[in-house]
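Because only heavy atoms are used, hydrogens play no part in the values below, and waters and symmetry mates are left out as well, while side chains stay in. Since we're looking at a predicted model, the values are computed, not measured.
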Amino acid sequence: MKCPSCRSNKTKVIDSRSIEGGSAIRRRRLCEKCGTRFTTFERRGIYQVAVIKKDGRKVPYSREKLALGFYKACSKRDVPSEVIEKSVNEIEEEITSCPELEIKASAIGDMVMKKLRQIDEVAYMRFASVYKRFDDLSEFEKELGQLMNSSEENEKEDKEMERSD
C-alpha cells in the first residue's frame, strides 16, 4: 500500500478492525519513511455479479451506484449515513448470497424501495418517482395513497400492541 503523502511502498499495518458487521476491514497504517498515518478499507470483491437492465444489457454490479441511489433519495433528510450504509450492506449481502451470478435491476430497485419505505417515507417517494417513472401526477398520488394507507395500518397495529401490553 502506497503512502498518500510520500508515495512510498514501505508502510505497515498498526491496527485492523472488522467493520460493517464483518463484511469489511478497516486498517490503520503507518508509513515507515515519512511517519504519516492513514486508513484503508478492504471489502470482498463481488465483480462476478451482473445486473440485467430493462433493455437486456448486462452491466457489472456497482456498490457505488447502489449507495448513490440511497444518498440521492435521502438528501436533505434527517437520515444518518450509518443507516444508509447499513441498508446498502444488507442489500449487497442479499445480492451476493444468491447462487445466481445475474440479478435483474428491477429486483435491486425493489429491495431499495423496501428499505427506503422503512427508513424515510419522503426518501421512499423520491426514489419511487424516479424508479417507477411516473407519467403524471395521478400515478404519484396513487403511490402516495398506498403509502399513507400502509402507514395508517401500521399506526393502528402499534396502538393495538400497546393496549395489549
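R28 places no side-chain N or O within donor-acceptor distance of the main-chain N or O of T40, the cut-off being under 3.5 Å.
The closest side-chain heavy-atom distance from C31 to C6 is below 4.5 Å. At a threshold of 4.5 Å between non-hydrogen side-chain atoms, the residues T96 and Y61 do not count as touching. Looking at M1 and F38, their side chains come closer than 4.5 Å, going by heavy atoms from C-beta outward. Residues E64 and L68 fail the side-chain proximity criterion, which asks for heavy atoms closer than 4.5 Å. Using a 4.5 Å cut-off on side-chain heavy atoms (C-beta onward), S81 and Y71 make contact. Looking only at side-chain heavy atoms (C-beta outward), K58 and K53 stay at 4.5 Å or farther from each other.
Within 6.0 Å of CG in N9 there are more than 12 heavy atoms belonging to other residues, nucleotides or ligands.
With rounding to the nearest 0.5 angstrom, the CE atom of M125 is 9.5 Å from the CZ atom of R117. For the atom pair D110 CG and K115 NZ, the distance stands at 13.5 Å (nearest 0.5 Å). Here S106 contributes atom OG and M111 contributes atom CE; the two are 9.5 Å apart, rounded to the nearest 0.5 Å. Residue I108 holds its CD1 atom at 7.0 Å from CG of L66, rounded to the nearest 0.5 Å. Going from atom SG of C34 over to atom NZ of K10 covers 13.0 Å, rounded to the nearest 0.5 Å. Atom CD1 in I119 sits 7.0 Å away from atom CD1 in I84 (nearest 0.5 Å).
When all heavy atoms are compared, the tightest approach of K2 to T11 is C-CG2, 4.5 Å. The nearest pair of heavy atoms linking A73 to F127 is CB-CB, 4.0 Å. Looking at every heavy atom in both residues, I25 comes nearest to S16 through CG2-CB, 4.4 Å.
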| message | Applying side chain to side chain contact (heavy atoms under 4.5 Å, CB included) to S75 and R126, what does each step give before you reach the verdict? | response | CA-CA 10 Å; S75 70; R126 283 180 178 169; 3.6 Å; yes

| task | May I have the step-by-step check of side chain to side chain contact (heavy atoms under 4.5 Å, CB included) for V83 and C74, ending in yes or no? | result | CA-CA 11 Å; V83 172; C74 295; over 6 Å; no

| said: Walk me through whether R17 and D15 qualify under side chain to side chain contact (heavy atoms under 4.5 Å, CB included). | reply: CA-CA 7 Å; R17 294 183 188 199; D15 182 40; 3.0 Å; yes

| field | Stepwise salt bridge (charged side-chain N to carboxylate O under 4.0 Å, His left out) check, K86 with E82 | value | CA-CA 6 Å; K86 181 178 182 235; E82 296 84 23; over 6 Å; no

| task | Run the numbers on R63 and E85 for salt bridge (charged side-chain N to carboxylate O under 4.0 Å, His left out), then give the verdict. | result | CA-CA 10 Å; R63 176 188 174 82; E85 289 298 322; 3.1 Å; yes

| How far apart are the C-alpha atoms of I52 and I103, what are their side-chain angles, what is the distance that settles it, and do they pass the side chain to side chain contact (heavy atoms under 4.5 Å, CB included) test? | CA-CA 6 Å; I52 304 169; I103 186 167; over 6 Å; no

| request: Mind running salt bridge (charged side-chain N to carboxylate O under 4.0 Å, His left out) on D55 and R57 for me, showing each step along the way? | output: CA-CA 6 Å; D55 64 5; R57 287 181 300 124; 2.8 Å; yes

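With no hydrogens or angles considered, no side-chain donor-acceptor pair links T39 and R27 at under 3.5 Å.
Clustering of Ile, Leu, Val, Met, Phe, Trp and Tyr by side-chain heavy atoms under 4.5 Å joins I14 with L30.
F41 does not carry R26 over the face of its six-membered ring by the limits of under 6.0 Å from the centre and within 45° of the normal.
Residues satisfying the side-chain hydrogen bond (donor to acceptor under 3.5 Å, both in side chains) test with S8, not counting sequence neighbours, are none.
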